[in-house]
Amino acid sequence: MVATRMQQEQSHSPLLAIISSALFLVFIIWWIQSSSQPDDFSYLFCTTATSAICFFIIVNPWKPDTLEPIKLIAFFYGMSFGLGPLLLAGEGGYQIPYLGGGWVRLLGEGSLWGLIGLCCLLVGYYSYPILSRNRGGTTSSVLSRGARKTVSIFGVALLAIGAASYLLLVHQAGGLDHFITYSSGRADIFSGAFGGFYFGTFFLISGLGAISCIHVKKHPLIIMGIAVIIGGAYSLFQGREEAIAPIICGIISIHYGHRRLKTRWLIIAGAIIILLASFIGYFRSAEKSEGQKTDVVIGNFGPKLQIHLRKTLSQNLEQMDAFLIALRYVETSHRTLGGDTLLAWLEPIDRHILGNMIDSVKAGRFMTILVMPEHRWSNTALSPSILGELYLNFSHQGIVVGLLLYGVIVRWLYEKVSRVDSNPLILMVYPYTIWIISKTVIDGSGLLFRPFIIALPILVISLAIAGKSSSQPQISTSRLVEESNPQ
């Protein structure tokens, strides 16, 4: 009976996916007909195709893993360069002075290269040769009691270091009242108290990864509770990425370390995360003062929820505008940056250790100054997007080669976590790493320093475990087989 039910679900799911994809396509066509869209065939065709392809990847019934990274990337990519532009272009979302009167032509060109980039990404992802999985099969690996204890101790220590860094950062930046009443640009929210204490707070996520690796199988709710607490603490900084990342890490850890989560739970979690992101964006820009109570500010969020969701789409998901800025810059200047922005994520290391040896440019700041020169003396920065950054550095060939390699790297990471039984320690670093790499579709390479911070203490943990294992006598596999099959 169970087998019959599984066969029925498998036979119905492809049909459901096809029907939902067809309905989504009908919605896009209806929206194009009913809204005021730019009259450009390349833009209309390519954004529709990008949206439809990304939607089908998300609902693809032949890929049952609901948290496969290509599905998360397809969501970001489809919203950034497909559905997002279709929803915003008719409302004048791309009539930016820097783009001039040719913004419709640029939108058509950007949409075409968005579709080409998506195809390159998919080719890299799906053509990656999965030889290692078939080379001798996979074996299950169980951490020893000593190794589990070591990882747990390190995890608790990292949580403590991260919490101490967090408290010191909040104190030096002006205290709790400063963050609650802050209304200016978020880039200056720390009042100069940034640097080490801010990056030290990421040890909270390292600790979450270490604790999850050991305890998520038996205690998923505790792991999710820790993730929510860390996310709530980060929300004080009024940054969507910091607040959402720990929650995403908790979900991914449970998905691969405890049991695969069903689609309906991920939809509910996704809706909550989008609402949280919208609220953080609203709270950051709301006018706050000591005389105005915080609960009044919070109460004003609900009545204009639709407006706040649209702002989340335009400011955090849709990134075609950043790509068009890159197109316009290369078109007018006849030059590219030659990879300078791809090294900007190393800036903290370069500043504190290498003595500013690396000549790099922050893509977001560069684009901001192009569009809004008055922000030259502030720290405000646009999200450059992966397409915008690749084109800004290497023009069209950068999109083709860059997204092809991007697809290969993402698939390689996924192959590692899909064999989590043979390497349980992968859960320490995979959730946050794949989240940041997926978000490069929106943010470009600027956030890659954060996985580097997360990985450093985890490397120490791995070396400590390897040292203990090498000092213990090894038992050969053949001996274990003989002992389990006595004559």
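- Between Cys213 and Met428, the closest heavy-atom pair is CB-CG, 3.5 Å.
- Annotation: side-chain hydrogen bond (donor to acceptor under 3.5 Å, both in side chains) contacts of Tyr329 (sequence neighbours excluded): Arg335.
- Not counting sequence neighbours, the partners of Lys439 by the salt bridge (charged side-chain N to carboxylate O under 4.0 Å, His left out) test are Glu241, Asp443.
- Residues passing the side chain to side chain contact (heavy atoms under 4.5 Å, CB included) test with Ile58 are Ala74, Phe75, sequence neighbours excluded.
- Each side-chain hydrogen bond (donor to acceptor under 3.5 Å, both in side chains) pair with one or both residues in residues 206-230, not counting sequence neighbours, appears once here: Ser152-His215.
- Partners of Val408 by side chain to side chain contact (heavy atoms under 4.5 Å, CB included), not counting sequence neighbours, listed by chain and number: Tyr128.
- In terms of heavy-atom proximity, Ala455 sits nearest to Val429 at CB-CG2, 4.4 Å.
- For Pro69, the side chain to side chain contact (heavy atoms under 4.5 Å, CB included) test picks out Tyr125, Val410, Tyr414, Tyr430, Ile434, with sequence neighbours left out.
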Tell me which donor-acceptor pairs under 3.5 Å the side chains of residues 220-228 have, and how far apart each pair is, sequence neighbours excluded?
none

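- Side-chain atoms of Asn393 do not come within 3.5 Å of backbone N or O of Thr336 as any donor-acceptor pair.
- For the atom pair Ser51 OG and Leu87 CG, the distance stands at 8.0 Å (nearest 0.5 Å).
- With sequence neighbours excluded, the residues forming a side-chain hydrogen bond (donor to acceptor under 3.5 Å, both in side chains) with Ser445 are Glu389, listed by chain and number.
- The side-chain heavy atoms of Leu204 and Pro246, taken from C-beta on, include no pair separated by under 4.5 Å.
- The side-chain hydrogen bond (donor to acceptor under 3.5 Å, both in side chains) pairs that include a residue from residues 222-236 are Thr201-Tyr234, where partners are two or more places apart or lie in different chains.
- Checked against salt bridge (charged side-chain N to carboxylate O under 4.0 Å, His left out), Arg260 has the following partners two or more places apart in sequence or in another chain: Asp65.
- Put simply, the side chain of Leu403 does not reach to within 4.5 Å of the side chain of Val123, judged on heavy atoms.
- Centroid-to-centroid, the aromatic rings of Phe237 and Tyr166 come within less than 6.0 Å.
- Under the 4.5 Å side-chain criterion, counting only non-hydrogen atoms from C-beta, Trp435 is in contact with Ile244.
- Using modelled atom types, no side-chain atom of Thr66 and backbone atom of Lys262 make a donor-acceptor pair closer than 3.5 Å.
- Among residues two or more places apart in sequence or in another chain, the side chain to side chain contact (heavy atoms under 4.5 Å, CB included) test is passed with Leu176 by Ile180, Leu236.
- Every side-chain hydrogen bond (donor to acceptor under 3.5 Å, both in side chains) that Thr440 has, sequence neighbours left out, goes to Tyr406.
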